[in-house]
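Labels below follow one simple rule: chain letters A, B, ... track the order of the sequence lines, proteins then strands, and each chain is numbered from 1.
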Amino acid sequence: MGYGKLIGKVASNFGKGLGKNAFSLVGFENGTYAYNTANGVTLTKTDDGYELAQTQTHHTIEGRNLLREASLDEYIKNPSAGNNDHAHIISLWEEHDSKGHKWGMAIDMNACTGCGACVVSCSAENNVPVVGRKEILNSREMHWIRIDRYYSFKNLATGKPSTKEKEYNDKNNKIDFEHVTVMHQPMMCQHCGHAPCETVCPVLATVHSSEGLNQMAYNRCVGTRYCANNCPYKVRRFNWFKYRENDQFDFHFNNDLGRMVINPDVTVRSRGVMEKCSFCVQRIQASKLKAKIENRKMVDGDVKTACQQSCPADALVFGDMNDPNSEISKLFKNERKYVLLEEYNVQPSVGYMTKIRNVNEPIAGEQKAPAKHDEKHEEHKAAEHAHS
Amino acid sequence: MSYESPIRDLLVTGGKTYSDITKDITRPIENKPSKAWWLGFGLSSIVLAIWIFSTTYTMLVGLGAWGLNKTVGWAFDITNFVFWVGIGHAGTLISAVLLLFRQKWRMSINRSAEAMTIFAVLCAASFILSHMGRPWVAYWPIPLPNAFGSLWVNFNSPLVWDVFAISTYFSVSLVFWYVGLIPDIATVRDRATTKARKFWYGFFAMGWNGSTKVWHRYEVISLILAAISTPLVLSVHSIVSMDFATSLVPGWHTTIFPPYFVAGAIFSGFGMVLTLLVVAREVLNYKDYITSEHLDAMCRVVMLTGTLVGLAYITEFFVAAYSGVEYEQYAFLNRAFGPYGWSYWIMMGCNLVAPQVFWSKWARTTPWFIFIMSIIVNIGMWFERFVIIVTSLHRDFLPSSWSMYTPTIVEFSILLGSFGLFFFLFFLFMKFLPSINMSELKSIVKTKHALELEKHYTELLNNNHKMPQHAHETKGDSVHGH
């Protein structure tokens with residue numbers, strides 16, 4: 001239970017002290033494992049507490065219009081069901097040039113099962129430090145991609161899903177806690193066109209590339225953390241300590257064997273600098289170089305990010321938004337595509353696809369078909385209706 | 001019989017003459033320090049040592065020594081920074097703005113208020129340095145010509161504006177303070193009985209000879225520096241507030257911040273001046289110079305600015321409700337009723353409610369009570385910055401990233417230690433520099449000649465029941481402030 005590790009030298013080095021071995025509680029009976037038949041094991045209730053190290057400590061979306069979903073029937077009737085609430089945007093900023101490539105990612109929330117393979121492969125690809133239980137309890141995990149997981153329960157009085165924790169605590173509300181609905185939302189740097197992090201950095205350590213990437217120059221960063229504060233998606237990660245060659249963080253940056261796993265194409269970051277998802281810029285550069293050597297233009301699918309590569313459900317699609325025939329360009333024209341916090345006009349390069357559930361009752365609710373600005377008010381109401 | 005209504009009580013009491021002033025103010029410099037001074041200085045040195053230790057520790061192991069996390073990137077560090085910058089504001093207000101408005105009551109307190117400004121800005125600067133992930137490259141936000149290629153700073157960033165604002169503020173305040181000190185340093189030089197004192201005070205007096213010419217230049221440069229400093233009272237804290245106002249964090253993204261921060265800064269600055277002066281007038285026996293009239297005037301400023309910030313707190317709530325932005329609305333509800341709600345109510349209680357006691361004359365003139373109030377004001381203003389920074393950051397747009405912040409012992413030590421740094425410098429100042437502006441003060445006490453004239457006319461009045469008109473003028477001009 002919890003990675004209880006017993007055997008193997010490498011494993012004991014790497015995971016020592018993690019978890020407990022629960023097999024002594026388990027007996028083998030009639031060809032199956034059973035938990036209540038172990039020899040002379042008794043369970044006693046204690047007053048001791050054990051704090052669980054979690055990377056996410058708030059579990060509901062609080063009625064915010066960031067998760068969009070519809071039922072299958074609604075989707076068949078109207079492919080943009082649940083996704084009609086679009087902001088009317090006026091920009092005060094000059095647009096960036098977007099000649100050449102413009103990288104983006106489409107995330108299909110319908111396909112994502114929340115397995116976490118993307119988190120693992122990203123950490124391996126990008127030399128993301130392992131920080132351990134204590135630092136997770138301090139909310140200091142270093143992951144560049146995470147799976148946001150939100151629960152909701154049905155309010156039996158209204159028959160609608162309730163996503164506000166305050167309502168759960170109110171004893172007057174009858175909430176059906178037996179049946180949970182879960183929503184997974186992979187979250188990484190959104191590579192905003194108008195990135196809030198870029199304007200606030202005093203030393204231009206985070207800047208916009210000509211290919212639409214939001215880039216970090218680690219060796220220019222002085223560590224004010226202003227960028228992380230101003231990031232509405234909270235995807236920036238700060239090196240609170242020196243995570244390599246440090247006895248406090250004896251994971252895999254400390255021994256020769258562990259260091260052999262470090263990806264040589266990615267800088268190992270020093271103490272005091274900010275880091276975040278780079279859209280695997282090292283892979284983009286390698287693909288460009290390869291295409292150049294082969295004397296051809298890059299084609300769609302040349303670059304696969306680590307998270308995309310390891311996603312068993314193909315929920316993540318990376319590509320060039322300036323290429324009209326690329327898969328991502330097609331997905332971005334899909335009626336299900338939306339971006340988070342569109343009304344803030346930060347212009348994310350990551351688009352999400354509405355989750356379609358195969359359920360009987362309507363999820364998106366009454367919606368007016370294609371968005372028009374003069375109908376905004378009603379649409380907003382409808383969307384609120386759907387998500388509250 | 002004529003009756004003259006007193007506009008203001010005497011600014012300097014006890015019938016002090018020119019020589020009394022010189023003797024009183026140079027007393028701490030020319031004599032061995034008192035036991036009270038040693039006690040205070042010793043205590044602040046110990047606390048300073050805590051500051052040195054905890055700051056060095058942070059710089060050695062990294063910012064992980066603090067309680068910050070992926071969601072709350074600033075907390076005690078920037079709270080303390082804004083707190084100390086705010087405290088500095090009263091000094092500039094008293095020395096520059098009140099000079100331009102010819103408020104003569106400022107004369108006994110401006111020197112120590114200016115010293116307070118400089119030391120407070122130093123404390124604030126220490127937090128800019130220690131909050132950085134890589135403090136050894138702290139000079140990078142300064143637009144210096146460099147060997148890194150075409151690297152330049154980001155002029156869009158409010159942190160770069162901060163660099164300009166704080167460094168300008170510090171240098172102007174320092175020059176203003178020093179220029180004001182020159183005539184008094186020369187007085188100490190002229191009275192010096194030891195060689196060292198003669199040399200050092202002679203060095204810093206920069207050849208002051210008391211001639212009409214140097215006095216004239218002194219007056220002119222004082223006015224020019226006051227004119228340069230005055231916009232700084234408004235600009236520095238406006239720019240500090242833009243660190244928050246120009247961001248998009250709900251709870252920070254508010255246009256009301258610049259005036260609200262300036263009012264808060266003056267509020268906290270006067271709170272700190274009161275804390276210092278109530279103690280100083282006891283310890284140094286300066287009750288004739290820092291009279292209850294001074295305390296009264298400062299308490300009025302505290303009450304006014306406290307009410308202004310209270311108005312701003314309420315306005316923020318209205319604007320959040322009126323904006324229709326759910327993130328803003330949540331941020332403010334969370335601020336007052338969320339997990340950090342207790343800090344919001346401390347802020348409200350200390351900054352809006354508590355200063356209302358200064359409607360009472362008794363409260364404005366009772367030193368021990370003012371001292372308690374001044375501490376309450378400073379606690380309230382520290383919490384104001386904590387509330388703005390932490391409650392806004394810990395729950396922003398995506399609930400998945402919501403988190404709590406708990407400070408560590410290291411952060412508490414640095415906060416406590418910064419007071420050690422401040423008082424260490426302040427005690428040195430009280431020992432080695434004239435803590436009240438002697439030369440200016442002499443312009444508002446009765447001269448020996450004026451006293452004789454007054455006596456003469458009083459006799460005439462008693463004899464004839466008639467008083468020539470110009471006696472009023474003499475009295476009005478030289479005895480009373482305006």
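For a residue to count as touching a neighbouring chain, one of its non-hydrogen atoms must lie under 4.5 Å from one of that chain's; by this rule Phe241(A) touches chain B with backbone and side chain alike. For Leu68(B), the parts sitting under 4.5 Å from any heavy atom of chain A are the backbone and the side chain alike. Only the backbone of Asn138(A) comes within less than 4.5 Å of a heavy atom in chain B; its side chain stays farther off. Interface remark: Pro232(A) contributes backbone and side-chain atoms alike to the contact with chain B (heavy atom separation under 4.5 Å). Contacts of Leu204(A) with chain B are made by both backbone and side-chain atoms, with heavy-atom separations under 4.5 Å. For Met187(A), the part lying near chain B is the side chain, with the backbone staying farther off; criterion is any non-hydrogen pair under 4.5 Å. Heavy atoms of Val207(A) lying under 4.5 Å from chain B are absent altogether. Only the side chain of Val325(B) comes within less than 4.5 Å of a heavy atom of chain A; its backbone N, CA, C and O stay farther away. For Phe238(A), the part lying under 4.5 angstrom from a heavy atom of chain B is the side chain only. If you measure heavy-atom distances from Asp243(B) to chain A, the contacts under 4.5 Å come from both the backbone and the side chain. Interface residue Ala65(B): only backbone heavy atoms are found under 4.5 Å from chain A. Looking at Tyr139(B), neither its backbone nor its side chain comes within 4.5 Å of chain A, counting heavy atoms on both sides. Looking at Tyr150(A), only its side chain comes within 4.5 Å of chain B, counting heavy atoms on both sides. Using a 4.5 Å cut-off between heavy atoms, Leu60(B) contacts chain A through its backbone alone, with no side-chain atom that close.
Looking at Gln215(A), its side chain never comes within 3.5 Å of a backbone N or O of Ser278(A) through a donor-acceptor pair. Without hydrogens or angle criteria, Asn126(A) side chain to Val128(A) main chain gives no donor-acceptor distance under 3.5 Å. Between the side chain of Trp140(B) and the backbone N or O of Cys221(A), no donor-acceptor pair lies under 3.5 Å.
Contact count against chain B (heavy-atom pairs under 4.5 Å) is highest for Asn219(A) among Asn239(A), Asn219(A), Thr60(A). Annotation: maximal heavy-atom pairing with chain B below 4.5 Å, among Lys242(A), His59(A), Arg220(A), Gln56(A), occurs at Arg220(A). If you tally non-hydrogen atom pairs under 4.5 Å between each of Asn230(A), Asn229(A), Val203(A) and chain B, the highest count goes to Asn229(A). Counting heavy-atom pairs closer than 4.5 Å to chain A, the top-ranked of the candidates Leu398(B), Asn156(B), Val153(B) is Leu398(B). Ranking Thr57(A), Val222(A), Val200(A) against chain B, the residue ahead of the rest is Val222(A), based on heavy-atom pairs under 4.5 Å. In terms of heavy-atom pairs under 4.5 angstrom with chain A, the leader among Val160(B), Leu63(B), Asp162(B) is Leu63(B). Per-residue counts of heavy-atom pairs under 4.5 Å with chain B were compared for Met274(A), Arg149(A), Arg146(A); the largest is that of Arg146(A).
Thr55(A) and Glu141(A) share no donor-acceptor pair across their side chains, judged by distance under 3.5 Å alone.
Taking the centre of each ring, Tyr344(A) and Phe397(B) come in below the 6.0 Å mark.
Between Phe153(A) and Tyr168(A), the ring planes are perpendicular. Angles over 60° get that label, and only those under 30° would be called parallel. In this pair, His237(B) and Phe261(B) present their aromatic rings tilted. The plane angle is within the 30 to 60° band.
Between Glu275(A) and the options Arg225(A), Arg269(A), Arg237(A), a salt bridge (Lys or Arg N to Asp or Glu O under 4.0 Å) holds for only Arg269(A).
Interface with chain A: from residues 245-254 of chain B, residues Thr246(B), Ser247(B), Leu248(B), Val249(B), Trp252(B) qualify, criterion being any non-hydrogen pair under 4.5 Å. For residues 51-59 of chain B, a heavy-atom distance under 4.5 Å to chain A picks out Thr58(B), Met59(B), given by residue number. Heavy-atom proximity under 4.5 angstrom to chain A picks out Tyr330(B) from residues 328-341 of chain B.
Within 6.0 Å of CD in Glu94(A) there are 12 or fewer heavy atoms belonging to other residues, nucleotides or ligands.
To the nearest 0.5 Å, atoms SG (Cys122(A)) and CD1 (Ile145(A)) are separated by 6.0 Å. The CZ atom of Phe386(B) sits 6.0 Å away from the CZ atom of Phe76(B) when rounded to the nearest 0.5 Å. Atom-to-atom distance recorded for Gln185(A):CD and Ile61(A):CD1 is 6.5 Å, nearest 0.5 angstrom.
Screening residues 197-207 of chain A for side chain to side chain donor-acceptor pair (under 3.5 Å) gives Glu198(A)-His208(A), Glu198(A)-Asn214(A), Thr206(A)-Asn214(A), Thr206(A)-Arg236(A) as the qualifying pairs, with residues at least two apart or on separate chains.
A salt bridge between Arg140(A) and Glu135(A) is present, with a side-chain N of the basic residue lying under 4.0 Å from a carboxylate O of the acidic one.
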